[in-house]
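Notes follow the structure.
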Amino acid sequence: YESYFGHYNLIEIPEIESYAANCIWVNETVIIPKGYPTTKQRITNAGYKVIETDVSEFKKLDGGLSCLSLRY
């Protein structure tokens, strides 16, 4: 594990907020699903700017931010 991802910042989130692991980093900002305060705090504490967005309707169909984004 460390040999592949050792240079990345690892931010562990609680299992109860596992849906929030599906977030995206765009233009120095982490976009996370709304409603996961522990995850938001941990990402903020790691020094990242955070924007929360309501994806509750997509969550009903198991859609996440990375699945819903087009990035070039």
Side-chain angles (χ1 to χ4, degrees):
Y1 169 79
E2 287 296 322
S3 63
Y4 295 108
F5 301 107
H7 61 284
Y8 290 100
N9 293 331
L10 176 64
I11 302 170
E12 292 189 38
I13 61 170
E15 187 174 336
I16 196 165
E17 293 191 9
S18 63
Y19 182 77
N22 192 328
C23 56
I24 55 176
W25 185 35
V26 179
N27 297 329
E28 306 302 318
T29 301
V30 180
I31 303 172
I32 67 169
K34 189 174 186 177
Y36 299 94
T38 301
T39 300
K40 179 182 178 184
Q41 189 63 50
R42 289 183 183 181
I43 294 171
T44 301
N45 288 349
Y48 297 98
K49 179 181 172 187
V50 173
I51 294 176
E52 291 180 286
T53 188
D54 182 7
V55 292
S56 58
E57 291 299 310
F58 299 108
K59 183 180 177 185
K60 291 176 185 178
L61 297 170
D62 202 27
L65 286 168
S66 63
C67 301
L68 299 167
S69 63
L70 295 174
R71 297 181 285 165
Y72 298 92

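None of the values given here were measured: they were computed from a predicted structure. FYI, the numbering just counts along the sequence from 1.
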Test of understanding: with side chain to side chain contact (heavy atoms under 4.5 Å, CB included), list the residues that count as partners of Ala21, not counting sequence neighbours. Ile13

Please list every donor-acceptor pair under 3.5 Å in which a side-chain atom of residues 28-40 meets a protein atom from a residue at least two apart or in another chain.
unit_1: Tyr36; atom_1: OH; unit_2: Lys59; atom_2: NZ; d: 2.7
unit_1: Thr38; atom_1: OG1; unit_2: Glu17; atom_2: OE2; d: 3.4
unit_1: Thr39; atom_1: OG1; unit_2: Glu17; atom_2: OE1; d: 2.7
unit_1: Lys40; atom_1: NZ; unit_2: Glu52; atom_2: OE1; d: 3.2

Residues forming a side-chain hydrogen bond (donor to acceptor under 3.5 Å, both in side chains) with Asn27, sequence neighbours excluded: none

